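The model shown is predicted, which means the values in this text are computed figures rather than measured ones.
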Amino acid sequence: MITLLDILDKVLIISASGAVFLGAVIFFIAGIYHIKDGYEAIVEKASGYYTTLTKGWYFKMPIVYQRVGLYCVRPQVRRYVTQVGNKLSVTYQIEDTQKFHYSGLKFETIMAVIEKENSEINLTVLQDNFAKYGLKFINIQKVND
């Protein structure tokens, strides 16, 4: 004869099995990375650089490997207003994703640092300084609004 306790035991076993299975599926899905064309991702292992991922699908063990940055490596156009009020349109591209990521700086901060170190922002100054941060300078234009 089947008792209520036997039924509850079976329900509990099935529920626990379902929870473990669901947890495993979620754990597996958390390790799947999809990197679109024109982007690169920085992956760390044990809080240190591990690899740079380019276009494609990847599986990295969650917890062990962590994606810490996703960057567009296509040419980008940004507006920047200098300290003296000049409006610039700067075209640049991330050339070294690892160097750019670990500089810890954003485009605006890099421009401010370059402007602080140099009396004038021009083509030569930008070309020389962008390389330090993993960027490739492409073009600069003065913008008149």
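With Glu115 contributing its side chain and Gln83 its backbone, the two residues share a donor-acceptor pair below 3.5 Å.
Interatomic distance, CG of Leu135 versus NZ of Lys99, reported as 9.5 Å (0.5 Å rounding). Going from atom CD of Glu40 over to atom CD1 of Ile94 covers 8.5 Å, rounded to the nearest 0.5 Å. To the nearest 0.5 angstrom, Thr124 atom OG1 is 6.5 Å from Asp128 atom CG. Here Ile138 contributes atom CD1 and Leu126 contributes atom CG; the two are 12.0 Å apart, rounded to the nearest 0.5 Å. Note that the CZ atom of Arg74 and the CD atom of Gln93 stand 10.5 Å from one another [nearest 0.5 Å]. Note that CG of Asp9 and OG1 of Thr3 are 8.0 Å apart. Values are rounded to the nearest 0.5 Å.
Residues Ile110 and Phe100 come closest through the heavy atom pair CD1-CE1, 3.8 Å. Summarising the geometry of Phe130 relative to Lys136, their closest heavy-atom pair is CD2-C, 4.3 Å, with the distance given to 0.1 Å.
A continuous path of Ile, Leu, Val, Met, Phe, Trp and Tyr side chains, each step under 4.5 Å between heavy atoms, connects Val113 with Leu88, placing both in one hydrophobic cluster. Under the 4.5 Å side-chain heavy-atom criterion for Ile, Leu, Val, Met, Phe, Trp and Tyr, Tyr33 and Tyr71 are members of distinct hydrophobic clusters. Residue Ile42 is not grouped with residue Ile32 when hydrophobic side chains (ILVMFWY) are merged at heavy-atom distances under 4.5 angstrom, including chains of intermediate members. Following chains of ILVMFWY side-chain contacts shorter than 4.5 Å, one can reach Val68 starting from Leu105, so the two form part of one hydrophobic cluster.
Between Tyr92 and Phe107, the ring planes are parallel. Angles under 30° get that label, and only those over 60° would be called perpendicular.
Taking the side chain as every heavy atom from C-beta outward, Val90 and Phe137 approach each other to under 4.5 Å. Contact annotation: the side chain of Ile35 approaches that of Leu70 to within less than 4.5 Å [non-hydrogen atoms, C-beta and beyond].
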Name the atoms and distances for all side-chain donor-acceptor pairs under 3.5 Å in residues 47-65, with sequence neighbours left out.
| unit_1 | atom_1 | unit_2 | atom_2 | d |
| --- | --- | --- | --- | --- |
| Tyr49 | OH | Thr52 | N | 3.1 |
| Tyr49 | OH | Thr52 | OG1 | 2.7 |
| Tyr58 | OH | Thr54 | N | 3.4 |
| Tyr58 | OH | Thr54 | O | 2.9 |

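With a 4.5 Å cut-off between side-chain heavy atoms of Ile, Leu, Val, Met, Phe, Trp and Tyr, the cluster of Ile14 takes in none.
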